[in-house]
Amino acid sequence: MKKYIFSEELGNIGENYIEEVLLYQERRHKMKSVLMNVAAIAACLALVIGVGAAALARGGSELNTVATSDQTLAAEISSLTKEMDIETVEVEKSYNERIADGEDVSIETYVGIPYRISSEKYSVVGDFTYTLQSVSISDRLPEGITKDDLDVSIGPVREYSEDGVKAYSTEDGKSALDISEFLDENGVYTGPGNGYKWVFLTLDMTNNSDQEVIKFINTLRLVGGECNTYSLSLPGINGDAVDADFKEYEYFQELCYHNARYFDYDSCYEMTFANVSDERRAEIEKKAIESYGSVENYLREKFAGMTHFDAGETKTVTVGFPVSTYFVYGDLFLELNPSGVLNPEVIEYIPLK
């Protein structure tokens with residue numbers, strides 16, 4: 001599907017979820033033609049009504065003449081509409097609109113790739129299926145989700161155009177402006193650049209393995225814009241070098257919200273300090289207490305993206321991304337990287353349009 005960038009805003013989208021409808025340029029052209037034709041017909045009808053009203057004001061002696069004129073005009077309007085060949089334009093419904101209308105909607109399903117991350121003291125085995133259930137786009141955060149539910153660093157403010165990317169920084173130029181600095185109480189972005197809309201997805205995630213798994217949800221991200229392919233040599237999952245064509249999209253946005261957070265102190269502690277000497281452990285714990293108040297608070301921050309799955313368990317996960325309005329109406333994909341390894345052989349994409 002081709003990408004078209006809209007220069008006009010859609011106006012006040014409202015507090016409920018909205019369903020984004022991608023209009024083809026040619027359909028917009030047809031609709032514009034239809035509106036112009038309807039305007040012409042309306043003008044003719046206004047003329048008929050005006051003539052009739054004037055005749056009534058002048059008296060009944062002219063009604064027969066006006067009636068004849070009305071019939072003539074009506075015939076001309078009928079002929080005009082036939083010549084115009086007005087076409088009914090059907091706009092493609094979004095996933096959510098079709099689901100709301102009771103349709104059976106087939107949404108692309110991604111079958112997970114088995115992967116293993118292991119060490120002498122800790123190992124995770126994963127085999128997941130991801131099923132996309134819904135996509136919602138809005139100026140505002142969904143009902144029940146506030147700014148406090150988002151990650152502290154939502155992402156840097158950037159402005160996109162055909163000439164390239166402009167990054168915004170603080171007045172002293174020492175750090176990038178963060179999107180979170182320009183969100184009002186409803187999550188509406190009020191800062192510089194192209195602006196942002198919230199893209200929230202609902203996914204069913206199934207752990208197909210016979211073991212419980214602690215999975216990092218924050219490996220999910222949205223990508224879009226132009227896609228470039230180039231050859232790259234990367235380490236494989238088993239440590240072997242892999243030469244493959246790697247896809248890189250022009251735009252990407254990291255996940256800043258998910259509803260399936262999980263924290264277990266023992267497992268997080270084990271993951272952090274596996275194969276760490278006693279001296280190094282004591283150093284990390286001291287810094288954690290100084291910065292976060294306790295080792296537990298430090299681990300909660302470090303592993304905020306974790307979710308626990310029992311063997312065979314399916315969880316419905318809601319994830320959210322702020323997406324630049326420059327890209328939000330183009331082709332967007334949910335990037336799945338189940339291994340966490342930058343390897344094109346294990347990265348998959350679910351189209352959102």
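Note that the numbering runs from 1 along the sequence shown for the chain.
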Of all the heavy-atom pairs spanning [X] and [Y], show the shortest one and how long it is.
X    : Y    : value
L201 : L352 : CD2-CD1, 3.9 Å
V317 : A260 : CG2-CB, 4.1 Å
S267 : I214 : OG-CD1, 3.7 Å
D178 : S153 : OD2-OG, 3.2 Å
R221 : F252 : NH1-CD1, 3.1 Å
P351 : F333 : CA-CD2, 3.6 Å

Spatial distance of atom [atom1] ([X]) from atom [atom2] ([Y]) [nearest 0.5 Å]:
X    : Y    : atom1 : atom2 : answer
L255 : L220 : CG    : CG    : 6.0 Å
F216 : M306 : CZ    : CE    : 5.5 Å
H308 : K315 : NE2   : NZ    : 7.0 Å
D331 : Y349 : CG    : OH    : 14.0 Å
M205 : T307 : CE    : OG1   : 7.0 Å
R300 : Y265 : CZ    : OH    : 11.0 Å

Would you find more than 12 non-hydrogen atoms of other residues, nucleotides or ligands less than 6.0 Å from E290 atom CD? yes
Can you tell me if NZ on K286 sees more than 12 non-hydrogen neighbours from other groups inside 6.0 Å?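 Incorrect, the count does not exceed 12.
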For C268, which of F263, Y298, F273 qualifies under side chain to side chain contact (heavy atoms under 4.5 Å, CB included)?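 Passing option: F263.
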Decide if the gap between the ring center of Y257 and the ring center of F200 is smaller than 6.0 angstrom.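 Between Y257 and F200, the centre distance is under 6.0 Å.
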Centroid-centroid under 6.0 Å between Y251 and Y326 rings: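 Distance test on ring centres: not under 6.0 Å, no.
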Can you find a heavy atom in the side chain of [X] that is under 4.5 Å from one in the side chain of [Y]?
X    : Y    : result
L177 : F182 : yes
H258 : V319 : yes
K147 : S180 : no
L141 : L183 : no
I217 : Y262 : no
Q133 : T316 : no

Tell me, with the steps shown, if T229 and K247 meet side-chain contact (heavy atoms from CB on, under 4.5 Å). CA-CA 5 Å; T229 303; K247 293 197 300 184; 3.9 Å; yes
So, the side chain of [X] versus the backbone of [Y]: is there a donor-acceptor pair under 3.5 Å, distance only?
X    : Y    : result
N194 : Y160 : yes
D184 : G187 : yes
T318 : T202 : no
S138 : W198 : no

Check the side chains of [Y] and [X] for a donor-acceptor pair under 3.5 angstrom, ignoring hydrogens and angles.
X    : Y    : result
S209 : N207 : yes
D148 : T146 : no
T314 : D204 : no

Cluster question for you: counting only ILVMFWY and a side-chain heavy-atom cut-off of under 4.5 Å, with indirect links fine, are F321 and V188 together?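 Shared cluster, no.
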Does the side-chain contact (heavy atoms from CB on, under 4.5 Å) test come out yes or no for F128 and L336, once each step is laid out? CA-CA 11 Å; F128 278 84; L336 305 174; over 6 Å; no
Centre of F309's six-membered ring, under 6.0 Å away, within 45 degrees of the axis: is that where NZ or CZ of K215 sits?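 That pair does not qualify as a cation-pi contact.
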Could you tell me whether E283 and R280 have a side-chain N and a carboxylate O separated by less than 4.0 Å?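 Looking at R280 together with E283, the answer is yes, because their closest N to O distance falls below 4.0 Å.
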